[in-house]
Enquirer: 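The structure's right below; bear with me while I get my questions together.
Letters go in sequence order (proteins before strands), and every chain restarts at 1. FYI, side chains are in, hydrogens and waters are out, and symmetry mates aren't considered; it's all heavy atoms of this structure. Only a predicted model underlies this, so the values are computations on that prediction, with no experimental measurement involved.
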Protein chains: 2
Amino acid sequence: MFSQSEENYLKAIYHLSAISDKGISTNSIAEKLETKASSVTDMIKKLSEKKVVVYKKYHGVHLTEEGSKIAANVIRKHRLWEVFLVDKLNFSWDEVHDVAEQLEHIKSPKLINQIDALLGFPTHDPHGDPIPDKDGNLKTIDKSLLSTLSKNEKGICVGVDDSSSEFLQFLDRKGITLGKQIKVLEREDFDDSFSILIDDKKLSISKKIANNLYIKKT
Amino acid sequence: MFSQSEENYLKAIYHLSAISDKGISTNSIAEKLETKASSVTDMIKKLSEKKVVVYKKYHGVHLTEEGSKIAANVIRKHRLWEVFLVDKLNFSWDEVHDVAEQLEHIKSPKLINQIDALLGFPTHDPHGDPIPDKDGNLKTIDKSLLSTLSKNEKGICVGVDDSSSEFLQFLDRKGITLGKQIKVLEREDFDDSFSILIDDKKLSISKKIANNLYIKKT
DNA sequence: ACCTATTTTTAGACAAGTCTAAAAATTATT
DNA sequence: AATAATTTTTAGACTTGTCTAAAAATAGGT
């Protein structure tokens, strides 16, 4: 059995692994969890003894098969709860994260499977992130950051990289939601901003926004 | 903000207060929470500093107004989650307790209010216990233990005192569920057992069962 | 290859919550 | 009212998870 703290570390390492795929550094974990590097070292030792991470001093960690499964399962729960909150309890996509952070640690296989069924076995959470299946597998879809699109390319908005409530509320105000069609009208080289077409309206998008919005090209 | 542990102590004191109404003893709390008296003393000191209990050494504790509200709110959450599990997720009444023990500590007023609404503002949980309202008030209904009924009295089964899964499953096997009509056919004086009529069938009920089943007389 | 800057680990401390064993207070018994 | 039994509290220790400050290892620049 793993404590909430241990689960949070596994989850952090799992997320970091998706980007870098080599040894995950102590500092990067500390930053992600807003804690101190020394605390990370301590926890890593414990997780290593429990065989859920492989640890070589000064060279970072990576998850074992088992660690990866546990992390994926926590993420599965987090994302299913997010869908539940939005679909069944009228939460908006910018309100769900903190509550899901709590709910993801509830231990009851039946509970999460029933939630899954109640929701109709969703494949993605309200931010467009894929939901791992019971075995921890997740199918990634082919998506690109808006910032990587060229002039005249178009696609459908399928996800966000940053899911802070500030960013999500910003998108709401601009009328940008998942599923919307977006076309790049112009890329401005001097500030990397974009001019896009959404709902037949022209919109100016800063570099920062373009770096946090995922598009599935069509 | 109160920790899970603090909430559990407040809940225990709240439940014990319903029976005894004078100072709640250290030992009774320890027994309810399956912990040691020394741990209880420590926690009581902390809760006392936080002004949620009144504590006089060697003379037990009682909840303050605020402590009582916090406890009632935890119980409210526990019971609403139980209803949710049974009504929406196909849990049976003997499966909900342990999961609700976890869910009751989730901190999100919006979450629990939306759950409340989704369930249609239920007044009782699956075991017949009343659900406190948002202000911590709970209306008790007039119910009697089956063991207090006399021959030929009848009523409706409205609750259980012991909600262990063993007892609940036993009731299931006997076909005794909330809402059923029960009539006392006979009281056997030598072993305090009962002969009752339920669903037009005669059933023999031991003293122990009769002491754990609540009936609303009709 | 050496020196410096950065990262990581160690060592020691602390808070929360728990425990055991012993001391103190209360309650019950005669 | 004195003594015995029970309850409660204290004292000290342990675990988990965290921190700060210092030491050790690694990585980078010339």
Side-chain angles (χ1 to χ4, degrees), chain A residues 1-14 16-17 19-63 67 70-71 74 101-102 104-107, chain B residues 1-13 16-17 19-63 67 70-71 74 101-102 104-105 107:
Chain A
M1 199 57 60
F2 291 83
S3 70
Q4 294 201 183
S5 209
E6 290 170 329
E7 287 187 346
N8 284 336
Y9 275 89
L10 290 174
K11 196 172 49 136
I13 297 167
Y14 186 96
L16 290 166
S17 304
I19 326 171
S20 83
D21 103 29
K22 38 180 156 301
I24 307 303
S25 75
T26 303
N27 259 5
S28 63
I29 298 169
E31 193 185 2
K32 176 144 260 198
L33 293 176
E34 293 179 292
T35 184
K36 292 291 142 76
S38 54
S39 308
V40 175
T41 303
D42 284 350
M43 181 58 90
I44 279 172
K45 283 179 185 163
K46 204 190 338 167
L47 294 175
S48 177
E49 272 163 32
K50 288 193 169 188
K51 312 278 191 209
V52 287
V53 303
V54 176
Y55 172 48
K56 261 196 73 180
K57 270 189 194 173
Y58 294 101
H59 293 282
V61 284
H62 63 91
L63 295 170
I70 293 165
V74 175
E101 286 284 297
Q102 299 179 60
E104 72 187 5
H105 300 295
I106 301 292
K107 280 160 182 67
Chain B
M1 199 55 61
F2 291 83
S3 70
Q4 295 201 183
S5 207
E6 290 170 330
E7 287 187 347
N8 284 335
Y9 275 88
L10 291 173
K11 195 171 50 136
I13 298 167
L16 291 166
S17 304
I19 327 171
S20 84
D21 103 27
K22 37 178 158 322
I24 307 302
S25 75
T26 303
N27 259 6
S28 64
I29 298 168
E31 194 184 1
K32 176 143 260 197
L33 293 176
E34 294 179 289
T35 184
K36 293 291 142 77
S38 53
S39 308
V40 175
T41 303
D42 285 349
M43 180 57 91
I44 279 173
K45 283 180 187 163
K46 204 189 340 166
L47 294 175
S48 177
E49 273 163 32
K50 288 192 169 187
K51 312 278 191 210
V52 287
V53 303
V54 176
Y55 172 47
K56 261 196 73 180
K57 270 188 193 174
Y58 293 101
H59 293 282
V61 284
H62 62 89
L63 294 170
I70 293 165
V74 175
E101 286 284 295
Q102 299 178 61
E104 72 188 6
H105 300 295
K107 281 160 181 69

Enquirer: Under 4.0 Å between a side-chain N/O of Tyr55(B) and OP1 or OP2 of dT9(D), yes or no?
Expert: yes
Enquirer: May I ask you to check if Lys45(B) and Tyr55(B) form a cation-pi contact, with NZ or CZ under 6.0 angstrom from the six-membered ring centre and within 45° of the axis?
Expert: no
Enquirer: For Glu31(A) and dT7(C), give me the distance from atom CD to atom C1', rounded to whole Å.
Expert: 13 Å
Enquirer: Rounded to the nearest angstrom, tell me the gap between atom CE in Met43(A) and atom C1' in dT18(D).
Expert: 10 Å
Enquirer: Is the phosphate of dT18(D), meaning OP1 or OP2, less than 4.0 Å from a side-chain N or O of Tyr9(A)?
Expert: yes
Enquirer: Is there a side-chain polar atom (N or O) of Asn27(B) under 4.0 Å from OP1 or OP2 of dT6(D)?
Expert: no
Enquirer: Heavy atoms, side chains only, cut-off 4.5 Å: are Ile29(A) and Met43(A) in contact?
Expert: no
Enquirer: How many whole angstroms separate atom CG of Leu47(A) from atom C1' of dT9(C)?
Expert: 16 Å
Enquirer: Figure out the CD/P separation between Glu49(A) and dT16(D), and round it to whole Å.
Expert: 10 Å
Enquirer: Looking at OG1 of Thr41(A) and NZ of Lys36(A), how far apart are the two atoms once the value is rounded to the nearest 0.5 Å?
Expert: 13.0 Å
Enquirer: Within this structure, what is the OG-NE2 distance for the pair Ser5(A) and His105(A), rounded to the nearest 0.5 Å?
Expert: 8.5 Å
Enquirer: Starting at CD of Glu6(A) and ending at C1' of dT18(D), how long is that distance when rounded to a whole Å?
Expert: 14 Å
Enquirer: Looking only at side-chain N and O atoms, does Ser3(B) come under 4.0 Å of OP1 or OP2 in dA16(C)?
Expert: no
Enquirer: Hey, can you pull the residues of residues 32-42 of chain B with a non-hydrogen atom under 4.0 angstrom from DNA chain D?
Expert: Ala37(B), Ser38(B), Thr41(B)
Enquirer: His59(A) has a side chain; which of dT8(C), dA25(C), dT26(D) sits nearest to it?
Expert: dT26(D)
Enquirer: What is the distance from CD1 of Ile44(B) to P of dT9(D), rounded to the nearest Å?
Expert: 6 Å
Enquirer: For the backbone of Ile13(A) and the side chain of Ser17(A), can you confirm whether one donor and one acceptor N or O come within less than 3.5 Å of each other?
Expert: yes
Enquirer: Heavy atoms only, 4.0 Å cut-off, all strands: where does Lys56(B) land among base, sugar-phosphate and nothing?
Expert: nothing
Enquirer: Calculate the interatomic distance between Tyr58(B) atom OH and dA28(C) atom P; express it in whole Å.
Expert: 16 Å
Enquirer: Charged N to carboxylate O below 4.0 Å: is that the case for Lys11(B) and Glu6(B)?
Expert: no
Enquirer: Counting only heavy atoms from other residues, nucleotides and ligands, does the tally under 6.0 Å from CD of Glu31(B) exceed 12?
Expert: no
Enquirer: Is the phosphate of dA24(D), meaning OP1 or OP2, less than 4.0 Å from a side-chain N or O of Lys57(A)?
Expert: no
